[in-house]
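Since this is a predicted model, take the numbers as computed values, not measurements. Residue numbers run from 1 in the order of the sequence given.
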Amino acid sequence: MSTVGAVDERLAPTSLFRRLLGRPELGAVVGAAAVFVFFSFAAPSFLQASSLSTILYSASTIGIMAVPVALLMIGGEFDLSAGVMVTTSALFSSMFSYQMTANVWVGVGVSLLVTLAIGFFNGFMLTRTKLPSFIITLGTFLMLTGLNLGFTKLISGSVSTKSIADMEGFSSARALFASQWNIGSVTLKVTILWWLALVAVATWILLRTRAGNWIFAVGGGADAACATGVPVVKTRIGLYMGVALCAWISGQHILFSFDVVQSGEGVGNEFLYIIAAVIGGCLMTGGYGSAIGSAVGAFIFGMTSNGIVYAQWNPDWFKFFLGAMLLLATLLNAWVRKRAEAK
């Protein structure tokens with residue numbers, strides 16, 4: 001049988017529309033557009049420049065953590081300790097600097113090492129014990145919650161840290177982690193830049209590096225990935241340390257924005273990071289998703305949380321909208337993946 005003129009279907013040109021249908025963040029983009037249009041009519045102040053800056057700030061505080069959580073979910077794992085880990089990093093920076101009367105940057109550096117060690121612990125325990133990541137990180141969540149409260153009360157005598165605003169290095173650290181710029185009526189905070197930079201780096205890792213292929217492979221099936229030579233253990237530990245690194249960034253922002261840290265903060269925020277990642281296209285089963293999608297999911301969170309306030313609705317409804325968006329996004333993401341796999 002002649003094969004002259006036959007074309008490999010893998011080399012056949014694909015239309016832009018079909019490529020877009022296969023993108024994990026498609027549902028999130030459509031949802032973000034719908035939320036934006038809805039609150040534009042429901043709350044006239046929603047479209048003001050000052051409102052946009054508030055929305056972006058809210059989105060960035062969630063988005064900084066949603067990026068590594070999305071990568072972790074693509075790798076097929078969860079981290080329930082991410083929320084309290086943010087608080088732990090801030091507490092270590094503050095209390096070490098205050099108690100040792102050291103330059104604030106010393107405390108920042110010690111906090112980085114401690115937070116990365118927590119991330120390594122999560123990844124190491126996961127790979128050694130073979131227990132589900134839900135159990136491992138739930139245990140870490142409980143330990144950190146108690147550690148944050150116990151150490152803070154032991155050292156500071158209260159549930160919050162002492163002020164370090166007058167210590168050497170505070171102003172330069174604030175410039176890096178908590179600065180802001182006023183452009184007319186718009187106030188842009190440095191967390192927005194951190195957020196966008198992390199999205200860009202994570203997207204590059206996923207789409208342009210060997211490590212990105214490893215992440216997708218591990219999430220798609222760890223045993224099969226291991227059989228093909230993928231370093232599953234190193235990949236998982238690296239993903240958890242990535243979550244820890246971003247938790248450190250978020251923690252330093254909290255510390256240098258408010259000067260003091262409450263030991264009970266962060267509990268429950270881990271669910272917001274997961275929700276943003278899921279709304280952005282990550283599947284709970286792993287192997288599918290994108291960093292850009294997590295950014296869109298965080299932006300939806302920012303629009304919804306602030307849009308309800310601008311519309312002067314009862315804020316108690318926020319959790320309802322968040323839950324509805326989570327369910328709709330999960331269904332839409334599953335549909336998009338099925339269409340992508342079918343092609």
Side-chain angles (χ1 to χ4, degrees), residues 20 23-67 69-70 83 86 177-200 250 253-254 257-258 265-266 268-269 271-282 290-333 336:
L20 290 176
R23 293 298 306 166
E25 61 271 9
L26 172 65
V29 172
V30 174
V35 171
F36 182 84
V37 171
F38 176 77
F39 280 114
S40 297
F41 287 99
S45 60
F46 183 80
L47 296 177
Q48 295 179 359
S50 58
S51 299
L52 179 60
S53 63
T54 303
I55 291 170
L56 286 175
Y57 174 64
S58 297
S60 67
T61 56
I62 298 298
I64 287 175
M65 288 301 297
V67 170
V69 168
V86 171
F177 295 108
S179 58
Q180 63 183 37
W181 303 273
N182 295 319
I183 305 175
S185 60
V186 178
T187 301
L188 297 178
K189 299 197 176 185
V190 72
T191 51
I192 299 173
L193 299 181
W194 278 107
W195 177 36
L196 296 177
L198 288 170
V199 171
S250 294
H253 168 70
I254 292 173
S257 292
F258 306 105
E265 290 182 3
N269 285 351
F271 295 111
L272 299 181
Y273 309 147
I274 293 173
I275 289 171
V278 171
I279 291 176
C282 293
S290 71
I292 295 175
S294 73
V296 179
F299 186 57
I300 291 176
F301 173 88
M303 287 193 294
T304 304
S305 60
N306 289 280
I308 290 175
V309 175
Y310 297 142
Q312 298 182 350
W313 296 348
N314 188 332
D316 294 340
W317 287 97
F318 170 66
K319 292 293 179 66
F320 171 82
F321 282 103
L322 203 60
M325 285 191 296
L326 176 62
L327 291 175
L328 290 174
T330 303
L331 292 173
L332 184 57
N333 294 341
V336 170

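Nearest heavy-atom pair across S58 and G302 is CB-CA, 4.1 Å. When all heavy atoms of A28 and G280 are compared, the closest pair comes out as CB-CA, 3.7 Å. Nearest heavy atom pair, residue S294 against residue A70, reads CB-CB, 3.7 Å. Looking at every heavy atom in both residues, V199 comes nearest to A295 through CG2-CB, 3.8 Å. Nearest heavy atoms, A43 versus G307: CB-O, 4.3 Å.
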Determine, step by step, whether F39 and I308 satisfy the side-chain contact (heavy atoms from CB on, under 4.5 Å) criterion, reporting the C-alpha distance in whole Å, the side-chain angles of both residues, the deciding distance to 0.1 Å, and the verdict. CA-CA 8 Å; F39 280 114; I308 290 175; 4.1 Å; yes
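In this structure a side-chain-to-backbone donor-acceptor pair under 3.5 Å is missing from T304 to F301.
S250 OG to I62 CD1: the interatomic distance, rounded to the nearest 0.5 Å, is 8.5 Å. Note that the CG atom of L52 and the OG1 atom of T187 stand 11.5 Å from one another [nearest 0.5 Å]. Distance check: S179 OG to H253 NE2 gives 10.0 Å after rounding to the nearest 0.5 Å. Interatomic distance, CG of L56 versus OG1 of T61, reported as 11.0 Å (0.5 Å rounding). Atom CG of L188 is separated from atom CD1 of I183 by 4.5 Å, given to the nearest 0.5 angstrom. To the nearest 0.5 Å, atoms CZ (F41) and CG (L47) are separated by 9.0 Å.
Residue pairs satisfying the side-chain hydrogen bond (donor to acceptor under 3.5 Å, both in side chains) criterion with at least one member in residues 30-54, sequence neighbours excluded, are absent.
Between V86 and N269, the closest side-chain pair of non-hydrogen atoms is not below 4.5 Å. Contact annotation: the side chain of W181 never approaches that of V186 to less than 4.5 Å [non-hydrogen atoms, C-beta and beyond]. Contact annotation: the side chain of I55 approaches that of F299 to within less than 4.5 Å [non-hydrogen atoms, C-beta and beyond]. Two residues are said to be in side-chain contact when any heavy atoms from C-beta on lie closer than 4.5 Å; W195 and T191 fail this criterion.
Using cut-offs of 30° and 60° on the angle between ring planes, the pair F46 and Y310 is perpendicular.
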